[in-house]
Amino acid sequence: MTKFDNVKIEILKDETLSKNWYHLRNITYNYTNSRGETKVIRREAYDRGNGATILLFDPRRQTVVLVRQFRMPVHVNGHPGWLLEAPAGLLDGDNPAEAIRREVTEETGYVVRDVRFLFKSFMSPGSVTEIIHFFAAIVESSDRVEEGGGAAHEDEDIEVVEIPLDDAMKMIETGEICDGKTIMLLQWAALNRASLTA
């Protein structure tokens, strides 16, 4: 039993504010709180679909494969906008494991066979509906069968970067790596390095 067992939520109105690239909604709802008080609350929710991300680790060289790309929302928040990230993408109707295999090849040129599911997470639950599914995979240099660089029809312009895991961990501290999903995967790798074997 929790204090929220008697909380009631009733959606009164769900308005579309924008449906260009993704779907921005304004939701009005009755919220009967844990004290039995009912209030009308309005919140915006940004629905961009669910996604997947992956840690690509080469155990022989003790390196991770990341991608660098420009992110406009980051840029308008005072950062240059070029982020080092783990490969990721939207599910687009695929199951998470298949979606991440597709994204890895598009972005990095690597082909991964065995993907290991780690966990899933809401990344910004106060405003974004997205759930991200986290994976890990072992790679070696011979698994890179294409150039990568992203999908041209999505205007992606991606640089593939291979970094020693120890250096990547230091880059979190310096702020050179500041993407949430990437930090989570690198910290998972640092804690589970012994299990990351070919």
Side-chain angles (χ1 to χ4, degrees), residues 1-34 39-57 64 66-67 69-79 81 83-104 106-107 112 115-137 154 156 158 168-169 171-172 175 177-192:
M1 183 104 178
T2 75
K3 71 176 279 184
F4 300 113
D5 287 346
N6 293 321
V7 167
K8 294 179 183 168
I9 298 158
E10 177 191 7
I11 295 178
L12 303 174
K13 191 187 297 184
D14 188 341
E15 303 169 280
T16 294
L17 299 179
S18 173
K19 200 165 185 180
N20 293 318
W21 191 254
Y22 303 120
H23 187 188
L24 179 61
R25 302 154 65 183
N26 187 32
I27 301 169
T28 306
Y29 59 100
N30 279 338
Y31 184 87
T32 304
N33 65 26
S34 57
K39 295 184 178 182
V40 176
I41 299 176
R42 289 178 184 81
R43 293 288 184 270
E44 290 181 3
Y46 194 46
D47 185 354
R48 61 185 308 272
N50 295 324
T53 187
I54 193 166
L55 173 83
L56 299 178
F57 183 71
V64 293
L66 302 177
V67 295
Q69 59 188 313
F70 179 75
R71 298 296 199 183
M72 178 54 76
V74 174
H75 179 71
V76 298
N77 197 23
H79 186 280
L83 288 189
L84 268 173
E85 304 176 44
L90 294 177
L91 302 185
D92 291 332
D94 290 335
N95 72 59
E98 287 306 312
I100 200 56
R101 283 187 183 94
R102 178 192 71 232
E103 289 295 331
V104 164
E106 281 182 9
E107 293 187 2
V112 291
V115 295
R116 174 180 172 185
F117 175 76
L118 304 178
F119 50 86
K120 60 185 177 180
S121 175
F122 287 100
M123 298 302 290
S124 188
S127 58
V128 181
T129 62
E130 180 183 41
I131 295 172
I132 296 185
H133 302 261
F134 287 73
F135 293 88
E154 294 178 9
E156 291 180 326
I158 293 172
M169 294 303 295
M171 293 169 78
I172 296 172
I177 293 178
C178 54
D179 170 64
K181 66 184 180 299
T182 306
I183 292 170
M184 291 166 73
L185 283 170
L186 290 172
Q187 289 178 336
W188 180 90
L191 290 170
N192 295 277

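These figures come from a predicted structure and were not determined experimentally.
Between L91 and H133 there is a side-chain heavy-atom pair separated by less than 4.5 Å. Inter-residue side-chain proximity for L12 and E10 is flagged as met; some heavy-atom pair is nearer than 4.5 Å. Within the 4.5 Å cutoff, the side chain of V7 has heavy atoms near those of the Y31 side chain. Within the 4.5 Å cutoff, the side chain of Y46 has no heavy atoms near those of the T129 side chain. Looking only at side-chain heavy atoms (C-beta outward), I41 and I27 stay at 4.5 Å or farther from each other. Contact check for L83 versus C178: side-chain heavy atoms found under the 4.5 Å cut-off. In this structure, L17 and R25 have side chains that are not in contact, with every pair of non-hydrogen atoms separated by 4.5 Å or more. Side-chain contact between V115 and V112 is present, with at least one heavy-atom pair separated by less than 4.5 Å.
Between H75 and F70, the ring planes are tilted. Angles from 30° to 60° get that label. Between F135 and F117, the angle of the ring planes goes over 60°, which puts this pair in the perpendicular group of the 30/60° scheme.
The backbone N or O of A86 lies less than 3.5 Å from a partner atom in the side chain of T182, making a donor-acceptor pair. Within the 3.5 Å criterion, the main-chain N or O of A52 finds no donor-acceptor partner in the side chain of N50. Of the possible donor and acceptor atoms, one in the side chain of D5 sits under 3.5 Å from a partner among the backbone N and O of T2.
Separating the OG atom in S18 from the CG atom in N26 is a distance of 12.5 Å, to the nearest 0.5 Å. Here N192 contributes atom CG and Q187 contributes atom CD; the two are 11.5 Å apart, rounded to the nearest 0.5 Å.
Shortest non-hydrogen contact noted between E130 and G49 is CG-O, 3.3 Å. Heavy atoms only, all atoms of each residue included: H23 and T16 are closest at NE2-OG1, 2.9 Å.
A salt bridge links R102 to D92: one of the charged nitrogens lies within less than 4.0 Å of a carboxylate oxygen.
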